[in-house]
Amino acid sequence: MAMPSLVRAFVAVFWGFLGIRSDRGYQNDITKLSFGQVAAVGIVCTLLFIASLVGLVYLVTHLH
Amino acid sequence: MEASHAHAHDDHHHAPTGLARYFTTTNHKDIGSMYMWFSLIMFFVGGFMALVIRAELFQPGIQIVNPDVFNQLTTIHALVMIFGAVMPAFVGFANWQIPLMVGASDMAFARMNNWSFWLMPPAATLLVGSFLVPGGAAGSGWTLYPPLSIQGGISVDMTILAVHIMGASSIMGSINIITTILNMRAPGMTLMRMPMFVWTWLITAYLLIAVMPVLAGAVTMLLTDRHFGTHFFNAAGGGDPTMFMHIFWFFGHPEVYIMILPAFGIISHIIPTFARKQLFGYSSMVYATASIALLSFIVWGHHMFTVGMPAAGNLFFMYATMLIAVPTGVKVFNWIATMWRGSITFETPMLFAVGFVSLFTIGGFSGLVLAVTPVDITLHNTYYVVAHFHYVLFSGAIFSIMGGAYYWLPKWTGHMYDETLGKLHFWLTAISFNITFFPQHFLGLAGMPRRIPDYAPQFTEFNQISSIGAFLLGFSQLLFLYVVIKCIRGGAKAEAKAWEGAEGLEWTVPSPAPYHTFETPPQFH
């Protein structure tokens, strides 16, 4: 079943954060995703990333 | 990669000649050259200040400059090198190379381009000229922290004005670069087929537009604190100096990436050329660059671990900073993988590129050491930090600038540079750089503070080694000037494709690149 493009954008941005992308995945990205879509998901993921770091810090500072 | 284009009217231009040509020019190549020369001059001005600093630090005690002047020298050295040397050099590369690489006839806003450049000399004059006003130049450090920057004399106002002007120039330059890249690419050149240098500059330009206004806001608040009775940062009036630090470093940390992302771009061209292989993991490189740029906005607090942030704040910035090593590591891995099993030759640009990868990585590692909050609390404001950021900025940014200059000089001048002298320049630079800055790690670990003209006697030997290295490093750069002038005046004729393994549209036009190129957009395959 084809992956919805929003999910595909999240997958691409996840690999982007790591800085790695397989050639096949990359070819799929450039044919199936728009630049605006990736940029928007990138900003959302940055906010989620910040939230997860804040969550981690909260856990570390409250777990004793 | 092939391109077809017309050159029939390459040398037909009706621009003024002589000095007026440079005042009025809207040609991206002229403006690029002016940026490069401006940056080289500022590099020598800032380098001279560094040598006075190192001469003073050759032995303990006060010998050459008094502590006030010493602080002014460290402040202006940094500002000159950052805003006068490194940033304009990359803008110079952008002006010369981006239109050539994307197949555009010029930058999108050619007149604004002229203005962006001509704002720089007045700003530099304000900055360097501030040594001559009563009280001397700003001595607050390049970070302009209050209260020193509130208490300083008229030179602080001159510095603030200089920062404003250079910020305006950078923002205009960025608008120009973004518009050129997004709207003027050759047919067939999709975003994900752009050369890496173009990609890194596109992302850098967005970073500049995001953070330059923040710096402008911070220094404007300083200005109103100084003259108009506000108390944003003046603790005596209920203001908060720590707020300045937060605002400043929200600009300051992305600024670090502004100075290194275009360097990544240049290195990503040099290594494939001389390894005679395609860049390994092009898409990874693009994704990693974007990722580094986004992360650069959430790590500023690592410059402030000692100001007394809550433990949660320190932890957040520590984790975020350490995570930036992941995409940066991917880039270093990709450069090494590009070289792996390639037919490598070591011409001067490649030497600088390999030097970049090796030494920038050391700077990256010492950055990780400093990212650990408890370690940073010990090492903050010591020479360890000085060693760290010189490994990032000299063997990072400046090595890439030197490598890029040697790489594209044949395209710019039409002549091959003197390879023997180029290699000599590299080895003198690489060796003396390490003599200068490696011992500073030991000085920092032993507790020597930065921005202090005098020091305890046990630090003498390492300081002497560092100072000797600095003088060798400084004078070696005169060799670069000689090589460039020699290359402009003559030398072996450069082919259109000056390097066997080079790829890209810029290598399809003759060397030297004609005054007007790509008047008809090339077809990019």
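Atoms considered below: every heavy atom in the structure, side chains included; atoms not considered: hydrogens, waters and symmetry mates. Chain identifiers are assigned alphabetically (A, B, ...) following the order of the sequence lines, protein sequences preceding nucleic acid strands; residue numbering begins at 1 within each chain.
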Measure distances from [X] to the heavy atoms of chain A and classify the residue's part below 4.5 Å as side chain, backbone, both or neither.
| X | result |
| --- | --- |
| L315(B) | both |
| A320(B) | both |
| Y282(B) | side chain |
| I292(B) | neither |

Fill in: Greatest number of heavy atom pairs closer than 4.5 Å to chain A - which of A290(B), S284(B), P327(B)
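Between A290(B), S284(B), P327(B), the count favours S284(B).
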Fill in: When N334(B), N314(B), L323(B) are compared by non-hydrogen pairs under 4.5 Å with chain A, the top option
L323(B)
Practice prompt. May I ask you to check whether over 12 heavy atoms, not counting those of W249(B), lie within 6.0 Å of atom CH2?
Written response: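 More than 12 heavy atoms, drawn from other residues, nucleotides or ligands, come within 6.0 Å of this atom.
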Worksheet item: So does Q278(B) have more than 12 non-hydrogen atoms from other groups sitting under 6.0 Å from CD?
Response: no
Practice prompt. Among the options V38(A), L56(A), L53(A), pick out the one with the most heavy-atom pairs lying under 4.5 Å from chain B.
Written response: L53(A)
Fill in: Y287(B) side chain reached by D29(A) side chain, heavy atoms, under 4.5 Å
yes
Practice prompt. Report yes if some heavy atom in the side chain of F49(A) is under 4.5 Å from a heavy atom in the side chain of I298(B); otherwise report no.
Written response: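 Yes, their side chains come closer than 4.5 Å.
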Response to the item:
V60(A) and Y319(B) have their tightest heavy-atom pair at CG2-OH, 3.5 Å
Fill in: Closest approach of S291(B) to G16(A) (non-hydrogen atoms, all atoms of both residues)
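Scanning both residues, the minimum pair turns out to be CB-O, 3.3 Å.
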Practice prompt. Please look at F35(A) and chain B and tell me whether the side chain, the backbone, both or neither of the residue comes under 4.5 angstrom of a heavy atom of that chain.
Written response: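 Side chain only.
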